[in-house]
Novice: 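Quick one: this structure, given as structure tokens, is what I'll be asking you about.
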Amino acid sequence: AQTVTQSQPEMSVQEAETVTLSCTYDTSENNYYLFWYKQPPSRQMILVIRQEAYKQQNATENRFSVNFQKAAKSFSLKISDSQLGDTAMYFCAFMKRSHLQGAQKLVFGQGTRLTINP
Amino acid sequence: GAVVSQHPSRVICKSGTSVKIECRSLDFQATTMFWYRQFPKKSLMLMATSNEGSKATYEQGVEKDKFLINHASLTLSTLTVTSAHPEDSSFYICSARDTVQPQHFGDGTRLSIL
């Protein structure tokens, strides 16, 4: 079974600073996806960024980028020039790459509560 | 983009009643939908995988008779919490997969059992 671990329950930074959220995972699979989701106080789940395990290049989406270390099973999220609207819970998630839709379930980490201070 | 609608967003009911939550994919067909439960300040816990036209697959420890799932069409899955009790109070979220994104999430249902 796959597990996802986020070791930082809470983090807090000043606006405009850069912050890195850590995530490690455990799997015996070779083909999989990794994701970071954001859950603001509204509790809506918002996809921030995704990474395919077979791709060596780290994914980036504007101010958000990841550091994917497949051998170390590490998948950290870096938020540059942080903004007040980035305040939210952030969840790291794992999904096997499978043609079977029922197997495509997300396994979430415990979450990191990120607060951006003005 | 793909949208998943979840209804109701909030429900309060008396202990012993049954509550139905709907999850609809508005602009795409979803043969598989997922139901999650989230406790305050905790992560999402997968309850079951809902398969169109067949029985749902429940995760270990989830009572299938308590949480009834029906996926009668390619755009609708329902979760019914039967004979609800205060310990069933929680935030329930559904999701559906299309060909592009892994899962699109509904906005969730906050269930409060008095």
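Chain letters run A, B, ... following the sequence lines, proteins first and then strands; every chain starts at 1.
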Novice: Hey, could you give me the NZ/CG distance between K105(A) and L46(B), rounded to the nearest 0.5 Å?
Specialist: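 Going from the NZ atom of K105(A) to the CG atom of L46(B) covers 6.0 Å.
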Novice: Under a single-linkage definition using a 4.5 Å side-chain heavy-atom cutoff for Ile, Leu, Val, Met, Phe, Trp and Tyr, are M11(A) and F64(A) assigned to the same hydrophobic cluster?
Specialist: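 Per the 4.5 Å side-chain linkage, M11(A) and F64(A) are co-clustered.
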Novice: Does atom CD of Q56(A) have more than 12 heavy-atom neighbours from other groups under 6.0 Å away?
Specialist: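 No, not enclosed.
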Novice: Establish whether L114(B) and V11(B) are linked, either directly or via other cluster members, by ILVMFWY side-chain heavy-atom contacts under 4.5 Å.
Specialist: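 No; tracing contacts between hydrophobic side chains, which count when under 4.5 Å, never links both residues.
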Novice: Any chain of hydrophobic side-chain contacts (each under 4.5 Å) joining V62(B) to L68(B)?
Specialist: no
Novice: Can you tell me if K66(B) has over 12 outside heavy atoms packed within less than 6.0 Å of its NZ?
Specialist: yes
Novice: For chain A, which residues from residues 73-94 of chain B lie under 4.5 Å away (heavy-atom distances)?
Specialist: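 Residues of residues 73-94 of chain B touching chain A at under 4.5 Å: F91(B), I93(B).
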Novice: Considering non-hydrogen atoms only, spot the tightest contact between S43(B) and G109(A) and give its length.
Specialist: OG-O, 2.6 Å
Novice: Could you see if L77(A) belongs to whatever hydrophobic cluster contains F94(A)? Use Ile, Leu, Val, Met, Phe, Trp, Tyr and a side-chain cutoff under 4.5 Å.
Specialist: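 Yes: a chain of side-chain contacts under 4.5 Å links L77(A) to F94(A).
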Novice: If you define the side chain from C-beta out and look only at heavy atoms, does anything of K41(B) sit under 4.5 Å from M89(A)?
Specialist: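 No, every pair of side-chain atoms sits at 4.5 Å or beyond.
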Novice: Quick one: does R110(B)'s side chain get under 4.5 Å of R43(A)'s, heavy atoms only?
Specialist: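 Contact flag for R110(B)/R43(A) side chains = yes.
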Novice: Any link between M45(A) and L111(B) through a network of hydrophobic side chains (Ile, Leu, Val, Met, Phe, Trp, Tyr) touching at under 4.5 Å?
Specialist: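 No, because M45(A) and L111(B) fall into different hydrophobic clusters, even though each may have its own neighbours under 4.5 Å.
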Novice: Is it the backbone or the side chain of F108(A) that comes under 4.5 Å from a heavy atom of chain B, or both, or neither?
Specialist: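 Both parts, backbone and side chain.
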Novice: Quick one: what part of Q39(A) sits under 4.5 Å from any heavy atom of chain B, side chain, backbone, both or neither?
Specialist: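 For Q39(A), the side chain is the part near chain B, not the backbone.
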Novice: Between Y37(A) and Q103(B), what is the shortest heavy-atom contact and its length?
Specialist: OH-O, 3.7 Å
Novice: Measure distances from E52(B) to the heavy atoms of chain A and classify the residue's part below 4.5 Å as side chain, backbone, both or neither.
Specialist: neither
Novice: Does atom NZ of K78(A) have more than 12 heavy-atom neighbours, drawn from other residues, nucleotides or ligands, at distances under 6.0 Å?
Specialist: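 Check fails, neighbour count at 12 or below.
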Novice: Is chain A contacted by the side chain of L44(B), its backbone, both, or neither, given a heavy-atom distance below 4.5 Å?
Specialist: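 The answer is both parts of L44(B).
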Novice: For a 4.5 angstrom cut-off between non-hydrogen side-chain atoms, does L106(A) reach Y36(B)?
Specialist: yes
